[in-house]
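To find a chain, count down the sequence lines: A is the first, B the second, and so on, and within it residues start at 1.
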2 protein chains.
Amino acid sequence: MGEGVEWGLHCCLVLAWLDDEAPVSTGRLAALFELPPVYLKKRLQALVRAGILTSTPGVQGGFRLARPPEKITLMDVVAAVEGRDEAFRCTEIRRQGAGVEAPAGEFARPCGIATAMRRAELAWRRELAAQTLADLIADAPAGAPRRARRFYERLGS
Amino acid sequence: MGEGVEWGLHCCLVLAWLDDEAPVSTGRLAALFELPPVYLKKRLQALVRAGILTSTPGVQGGFRLARPPEKITLMDVVAAVEGRDEAFRCTEIRRQGAGVEAPAGEFARPCGIATAMRRAELAWRRELAAQTLADLIADAPAGAPRRARRFYERLGS
DNA sequence: GTGGCAGTACTCGGATAACCTTTGTCCGAGTCTAAACGG
DNA sequence: CCGTTTAGACTCGGACAAAGGTTATCCGAGTACTGCCAC
């Protein structure tokens with residue numbers, strides 16, 4: 001899994017901490033975590049396409065959360081950054097080789113291996129969908145949001 | 001996730017179907033699914049290193065299951081092929097940027113994001129560990145094992 | 001005829017290239033600010 | 001002094017290279033079979 005997921009989640013968390021007063025630019029977000037600014041922007045654009053963030057162009061522009069944190073699940077962010085297709089991809093090799101002699105009806109039911117892998121991946125998705133940004137905010141250390149705000153305001157000077 | 005997982009699982013299933021009469025060579029396994037033989041061998045070697053398969057060199061050599069199918073979980077195969085490290089890797093970016101001003105004790109507890117991601121991944125692993133090769137055998141179509149054996153024997157001619 | 005032996009063919013194992021996804025970077029389109037100018 | 005205009009600078013957005021990982025391949029070490037030879 002790419003590092004963009006970690007970046008996206010932390011950025012969303014910071015955006016929630018900053019209380020949506022004004023859009024936060026890529027440079028400011030990158031400075032908050034010492035990340036490469038331009039590449040971070042590329043990843044945030046994926047979140048914009050998924051409808052998790054909204055972007056406002058122009059000077060004083062930037063990103064902000066499109067929904068309240070309670071309405072954004074970790075699954076949303078992961079799917080936006082990493083893609084919506086499943087990790088395990090069944091290529092139906094059971095039909096090749098020895099499978100070409102099988103009656104066609106045998107492939108009506110999905111491959112058992114694909115089913116098992118999909119079941120596991122579904123458990124993963126379910127767990128991710130059960131956690132929202134609001135839950136992360138609740139579990140975060142108490143001082144972190146305040147420190148982020150102070151750091152952000154000092155950044156403007 | 002690489003395609004080697006699908007290949008490895010199907011090969012393990014075939015090895016179980018063939019009843020462990022004799023080692024099955026890479027070429028035979030590749031023919032059973034029309035896969036590139038040499039690259040398939042590379043992936044099976046990973047299963048050997050993990051102790052899931054045993055390999056016997058020499059003519060008439062090949063691979064066989066190291067344990068009965070009830071003792072081989074999908075998690076074992078996936079971990080052997082794909083690696084044992086977690087998909088989400090926390091790089092502790094919370095300590096960078098605004099985090100450098102935080103008191104050291106704040107980082108005693110693990111990052112909430114990493115915890116949430118780990119929880120989801122644990123659910124995935126738990127689901128994979130709950131399914132064994134024997135379960136896949138039970139759910140497979142009845143005719144498939146017999147057809148695999150016939151195809152395999154005709155391959156020797 | 002039978003036991004031993006050497007040759008041979010076939011197998012796994014690890015080291016070696018090609019392709020592709022991911023990572024990282026750049027420049028153009030659009031927008032708000034702010035200063036300058038005229039009334 | 002105030003409204004308008006115009007230049008500027010900063011932002012996002014998508015198109016463009018470089019790197020690491022995965023995919024695919026080749027050659028070397030080892031083993032069992034097979035045919036041959038000696039006894």
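Atoms CD (A:Gln45) and C1' (D:dG13) sit 5 Å apart, rounded to a whole Å. In this structure, the CD atom of A:Glu3 is 13 Å from the P atom of D:dG20, given to the nearest Å. Here C:dT22 presents its P atom at 12 Å from CE of A:Met1, a figure rounded to the nearest Å. In this structure, A:Leu47 atom CG and D:dC12 atom P are separated by 13 Å, rounded to whole Å. Atom C1' of nucleotide C:dT22 and atom CH2 of A:Trp7 are separated by 11 Å, given to the nearest angstrom. Rounded to a whole Å, the CG atom of B:Leu53 is 13 Å from the C1' atom of C:dC12.
Using a 4.0 Å heavy-atom criterion, one finds that B:Gly27 contacts no nucleic acid atom at all.
Here the side chain of A:Thr56 pairs a donor or acceptor atom with the backbone of A:Gly62 at under 3.5 angstrom. Proximity of a side-chain donor or acceptor of A:Glu121 to a complementary backbone N or O of A:Ala87 within less than 3.5 Å is detected. When atom types are taken as modelled, the side chain of A:Glu106 and the backbone of B:Gly143 share no donor-acceptor pair closer than 3.5 angstrom. Remark: side-chain polar atoms of A:Glu82 are paired, donor with acceptor, to backbone N or O of A:Gly2 under 3.5 angstrom.
Comparing the start and finish of the helix from C:dG1-D:dC39 to C:dG39-D:dC1, five pairs each, the helix axis swings through 10°, to the nearest 10 degrees.
The phosphate of D:dC12 has OP1 or OP2 within less than 4.0 Å of a side-chain N or O from A:Thr26. At D:dC10, none of the side-chain N or O atoms of A:Ser25 fall inside 4.0 Å of OP1 or OP2 (strictly under the cut-off). Between B:Arg49 and C:dG14, a side-chain N or O to OP1/OP2 separation shorter than 4.0 Å is present.
Nearest to the side chain of A:Phe63, among D:dG13, C:dC12, D:dT11, sits D:dG13.
In this structure, the side chains of B:Ile93 and A:Glu3 stay at 4.5 Å or more apart for every pair of heavy atoms.
Not less than 6.0 angstrom separates the ring centroid of B:Tyr152 from the ring centroid of B:Trp17.
A salt bridge is absent between B:Lys71 and B:Asp76; no separation between the charged side-chain nitrogens and carboxylate oxygens falls under 4.0 Å.
Every residue two or more places apart in sequence or in another chain that forms a side-chain contact (heavy atoms from CB on, under 4.5 Å) with B:Arg95 is listed here: B:Glu92, B:Phe107.
The shortest non-hydrogen separation linking B:Gly112 to A:Leu136 is O-CD2, 3.8 Å.
The stretch residues 29-44 of chain A touches DNA chain D through A:Lys41, A:Lys42, each having a heavy atom under 4.0 angstrom from the strand.
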